[in-house]
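Here is the structure we will look at, set down as structure tokens.
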Amino acid sequence: MLFPFAILYDLITRLRNFLYDKQVFKSITFPLPMINVGNLTVGGTGKTPHVEYLVYLLKNKNIAILSRGYGRKTKGYLDINGIPKHNISKKDISPQMIGDEPFQYFEKFEQNSNVRVYVGEKRANAIANILLSRPATQVIVLDDAFQHRAIAPNINLLLTDFGRLFYKDFLLPMGRLRESRIGAVRADAIIVSKCPQDFGDEKYSEMKNEIIFNIQKYTKENTPIFFSTIKYQAFENVFLVQKNLFENLLNGKENIKFYAVSGIAQPKIFLDYLAKNYDQKTLKNQLYEMVGTQSFADHHQYTETDVQNIVQNAKKQKANMIIVTEKDATKLQNQHFLPYLHDIILCKLPIGINFFEKTAFDTFILDKIFKFEN
């Protein structure tokens with residue numbers, strides 16, 4: 001029943017791309033390297049940690065991170081680092097004001113003077129403003145601009161989820177593709193994200209070759225294909241005032257019973273990791289047990305009622321810790337929620353990215369930037 005709508009959607013997106021390809025619609029270029037981290041699908045490919053990886057890789061440069069700020073309640077161009085200068089205190093900056101991902105970038109890189117975070121739906125106008133206000137900017141990293149063809153990035157990175165590869169997917173509304181698979185031809189490199197952590201083992205070699213073969217049907221010749229996996233880090237307490245309670249719990253004799261909460265596109269990976277590495281595991285003479293889970297929609301904006309409900313459900317299972325994703329933590333660290341958490345600790349599970357071809361990927365990015373600058 002959805003097939004006719006998918007065909008209509010395909011015609012519209014193909015026509016739009018055709019008009020850009022033939023330069024009927026113009027794509028604007030700028031005099032500095034721009035790296036886009038995007039995808040063909042609707043959410044869930046891991047763009048945020050890949051953006052952060054690029055920032056760490058290019059740490060010696062003045063970097064601007066530009067996002068549209070999906071889900072924010074404001075509109076237009078915002079210089080996030082500059083907001084506190086305009087009669088708004090830092091504590092008033094929230095995911096609701098600037099969007100989930102920009103807020104995470106802002107918090108993570110706030111102390112790094114080389115990195116600034118911006119939001120703006122009209123990327124071309126936003127970039128012009130960035131260069132006007134901060135002419136020392138050397139690289140712009142675009143979060144989710146693969147379909148935003150009004151600008152032409154120098155490096156277009158296309159992510160595709162290992163568990164939902166774009167060449168197996170279908171256009172909206174039948175599937176989750178924003179545009180046809182042939183859109184992959186615009187990519188300068190493909191990143192297969194969220195691979196199993198042991199994907200480099202010999203047992204996956206045949207599968208890896210099959211994935212490469214199928215991706216190459218849609219890309220330019222010699223387009224590099226990289227594979228990455230999520231790198232999980234140790235639990236961290238979300239609220240500073242709970243730090244001592246958190247450390248006492250980890251260093252005490254009491255078993256740790258945790259309740260897992262997520263509001264992301266694909267919670268299964270998060271929950272599977274917890275189940276494999278913590279549930280019914282004894283670490284430092286303490287037994288970890290996952291006593292329950294609760295999932296919300298991607299980009300969910302938590303309310304006091306939600307937090308009350310989460311805490312109530314966790315306590316019913318006798319949990320002494322609530323574990324959330326790093327993305328959810330940015331929205332749950334609101335001070336208004338703290339009174340509900342006076343006797344249960346809120347923790348997050350930070351993530352990063354590991355590339356199986358780290359040297360090759362890093363070299364690819366750095367060489368592209370060097371050639372542009374020279």
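Hydrogens, waters and symmetry mates are skipped; everything else that's a heavy atom, side chains included, is used.
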- Query: Distance-only, no hydrogens or angles: does the Gln197 side chain make a donor-acceptor pair with backbone N or O of Ile230 under 3.5 Å?
  - Reply: yes
- Is the shortest heavy-atom distance from the side chain of Tyr167 to the side chain of Phe213 under 4.5 Å? no
- Item | Validation row: Ile365, Ile155 side chains within 4.5 angstrom (heavy atoms) | yes
- Message: Working note: Phe246 + Phe235, criterion ring pair (Phe, Tyr, Trp, His ring centres under 6.0 Å); need CA distance, chi angles, decisive distance, verdict.
- Response: CA-CA 10 Å; Phe246 173 66; Phe235 294 159; 7.6 Å; no
- In sequence, state the C-alpha distance, the side-chain angles, and the governing distance for Tyr302 and Phe296, and then conclude on ring pair (Phe, Tyr, Trp, His ring centres under 6.0 Å). CA-CA 9 Å; Tyr302 292 92; Phe296 295 85; 5.2 Å; yes
- Query: Going by the angle between their ring planes, with limits at 30° and 60°, are Phe199 and Tyr204 parallel, tilted or perpendicular?
  - Reply: tilted
- Decide, yes or no, whether a salt bridge links Lys281 with Glu289 under the criterion of side-chain N to carboxylate O below 4.0 Å. no
- Item | Ion pair check, Arg116 and Asp79, cut-off under 4.0 Å | yes
- Task: Could you tell me whether Arg72 sits above the aromatic face of Phe103, with NZ or CZ closer than 6.0 angstrom to the six-membered ring centre and within 45 degrees of the axis?
- Result: no
- Residue among Leu159, Asp144, Asp143 satisfying side chain to side chain contact (heavy atoms under 4.5 Å, CB included) with Val37: Leu159
- Between CZ of Phe270 and CD of Glu326, what distance do you get to the nearest 0.5 Å? 11.0 Å
- Are Glu210 and Lys168 within salt-bridge range, i.e. N to O under 4.0 Å? no
- Message: Would you call the rings of Tyr218 and Phe166 parallel, tilted or perpendicular, taking 30° and 60° as the class edges?
- Response: perpendicular
- Quickly, which of Arg16, Arg14, Arg186 forms a salt bridge (charged side-chain N to carboxylate O under 4.0 Å, His left out) with Glu179? Name it, please. Arg186
- Note on the structure: In terms of heavy-atom contacts, Ala64 and Tyr118 come closest through CB-CE1, 3.6 Å
- Item | Atom pair NE2 (His336) and OG1 (Thr303), whose distance is rounded to the nearest 0.5 Å | 12.5 Å
- Task: Return yes if some donor-acceptor pair links the side-chain N/O of Ser180 with the main-chain N/O of Gly183 below 3.5 Å, else return no.
- Result: no
- Would you call Lys108 and Glu52 a salt bridge, using N to O less than 4.0 angstrom? yes
